[in-house]
Amino acid sequence: LGQTYELLKMHHYCLYYFKQAQELRPSDSRMLVALGESYEKLDKLQDAKKCFWKAYCVGDIEGGIALLRLADLYKKTSEVDQAAAAYDQYIKDTEEAGISDRDEQSVAYRFLANYYNDKNLLDEAYEFATKCTEFADTREEDKALLKAIASKRGAGMDGGGMNASGMEVT
C-alpha cells in the first residue's frame with residue numbers, strides 16, 4: 001500500500017504504511033529506505049537522515065543506496081563534511097563488494113574530487129578526479145577539473161618557496 005500511495009504522490013498515507021511495514025520488519029533496510037524517501041518528500045530531512053543511517057547500519061541489501069541517499073541529503077543541507085564522509089564510505093563499500101553502479105559512483109567521485117580540491121588536499125582531489133575520467137558521459141568536465149588541480153599543485157611550488165601545504169621548500 002505504501003508503494004501505491006507513493007505512485008499517487010500521497011506521501012502522508014505512504015508514510016503511514018511504510019511505518020507499519022517497518023515495524024513488522026525492523027531490520028529490513030528496504031523498508032527503512034522507503035520510509036526515508038517518504039520523509040524526504042515531506043521535507044522532514046532529519047527523520048529521513050535517521051532512516052537512511054539506520055538502513056545502512058542494519059545492512060543495506062540494495063548495494064549502498066541508503067548511504068548514497070544519506071550523502072545526497074547531507075549535500076542538500078550543505079553539510080559537506082558529512083556528505084564527503086558518506087560518499088567516501090559509499091565508494092569503499094561498493095568497490096569492496098564489487099558493485100559498479102557507474103552513474104552513482106561518478107557522482108560520488110566528482111563530489112569528493114571537488115571537496116578535496118576546495119580543502120586544498122590536492123593529492124586526494126587528483127586521485128578522485130582521475131577516477132572521474134573513467135566515466136564517458138562527463139569526461140571533458142572531469143579533465144578540466146584535473147587541469148585545475150594540476151595547476152593548483154604547480155602554483156603551490158612557485159611563489160616564495162612555499163608548497164601547496166604552506167610549508168617552506170628549501
Answer with yes or no whether the hydrophobic clustering places Leu1 together with Met10; edges join I, L, V, M, F, W, Y residues whose side-chain heavy atoms lie under 4.5 Å apart. yes

What is the distance from atom CG of Leu35 to atom OG of Ser29, rounded to the nearest 0.5 Å? 12.5 Å

Within a strict 4.5 Å, meaning less than it, do heavy atoms of the Lys49 and Leu70 side chains meet? yes

Side-chain heavy atoms nearer than 4.5 Å, only ILVMFWY residues, links allowed to pass through others: does that put Tyr5 and Tyr16 together? yes

Which atom pair, heavy atoms only, marks the closest approach of Met31 to Ala21? SD-CB, 3.5 Å

Quick one, Gln82 and Thr77 - any side-chain contact, counting heavy atoms below 4.5 Å? no

CD/Gln89 to OG1/Thr94 distance, rounded to the nearest 0.5 angstrom? 9.5 Å

Give the intermediate values and the outcome of side chain to side chain contact (heavy atoms under 4.5 Å, CB included) for residues Leu73 and Phe52. CA-CA 10 Å; Leu73 265 181; Phe52 293 138; 3.6 Å; yes

Starting from Val58, can I reach Leu68 by hopping between I/L/V/M/F/W/Y residues whose side chains sit under 4.5 Å apart? no

Assess whether side chain to side chain contact (heavy atoms under 4.5 Å, CB included) is satisfied between Arg110 and Asn114, documenting all intermediate values. CA-CA 6 Å; Arg110 188 168 302 103; Asn114 286 310; 3.6 Å; yes

Considering residues, nucleotides and ligands other than Lys50, do more than 12 of their heavy atoms fall under 6.0 Å from its NZ? no

Measure up the Phe128 and Tyr109 rings against each other and bin them: parallel (under 30°), tilted (30 to 60°), perpendicular (over 60°). tilted

Hey, could you give me the CD/SG distance between Gln46 and Cys51, rounded to the nearest 0.5 Å? 11.5 Å

Does a side-chain heavy-atom distance below 4.5 Å link Asp93 with Leu67? yes

Check Leu15 against Ser38 and note the closest heavy-atom contact, atom names and distance. CD1-CB, 3.9 Å

Hey, does Glu6 have a side-chain heavy atom less than 4.5 Å from the side chain of Phe18? yes

Under 30°, 30 to 60°, or over 60°: which ring-plane class applies to Tyr115 and Phe111, parallel, tilted or perpendicular? parallel

Between Lys92 and Asp88, is the closest basic N to carboxylate O distance under 4.0 Å? yes

Side-chain contact, heavy-atom cut-off 4.5 Å: Glu104 with Tyr90? yes

Within-4.5 Å side-chain heavy-atom neighbours: Gln3 and Leu7: no

Measuring from atom CG of Asp47 to atom CD of Glu40, what distance do you get when rounded to the nearest 0.5 angstrom? 12.0 Å

Before giving the answer on salt bridge (Lys or Arg N to Asp or Glu O under 4.0 Å), spell out for Arg69 and Glu62 the whole-Å C-alpha distance, their side-chain angles and the decisive distance to 0.1 Å. CA-CA 12 Å; Arg69 293 281 196 280; Glu62 290 188 341; over 6 Å; no

Ignoring hydrogens and angles, tell me if any N or O in the side chain of Lys152 forms a donor-acceptor pair with the backbone of Asn117 under 3.5 Å. yes

Within a strict 4.5 Å, meaning less than it, do heavy atoms of the Leu145 and Thr133 side chains meet? no

Side chains of Gln105 and Lys131 in contact at under 4.5 Å (non-hydrogen atoms): no

Just by distance, do the side chain of Asp60 and the backbone of Ala55 share a donor-acceptor pair under 3.5 Å? no

Is there a path of hydrophobic side-chain contacts, each under 4.5 Å between heavy atoms of I/L/V/M/F/W/Y residues, joining Leu45 to Tyr56? yes

Can you name the closest pair of heavy atoms from Leu122 and Ile149 and give their distance? O-CG2, 3.8 Å

Derivation and outcome, side chain to side chain contact (heavy atoms under 4.5 Å, CB included), residues Tyr87 and Val107: CA-CA 9 Å; Tyr87 279 128; Val107 169; 4.0 Å; yes

Taken to the nearest 0.5 Å, the spacing of Thr4 OG1 from Tyr13 OH works out to 14.0 Å

What is the minimum heavy-atom distance between Ala48 and Gly36, and which atoms define it? CB-O, 3.3 Å

Nearest heavy-atom contact between Ala86 and Ala71 is CB-CB, 3.6 Å

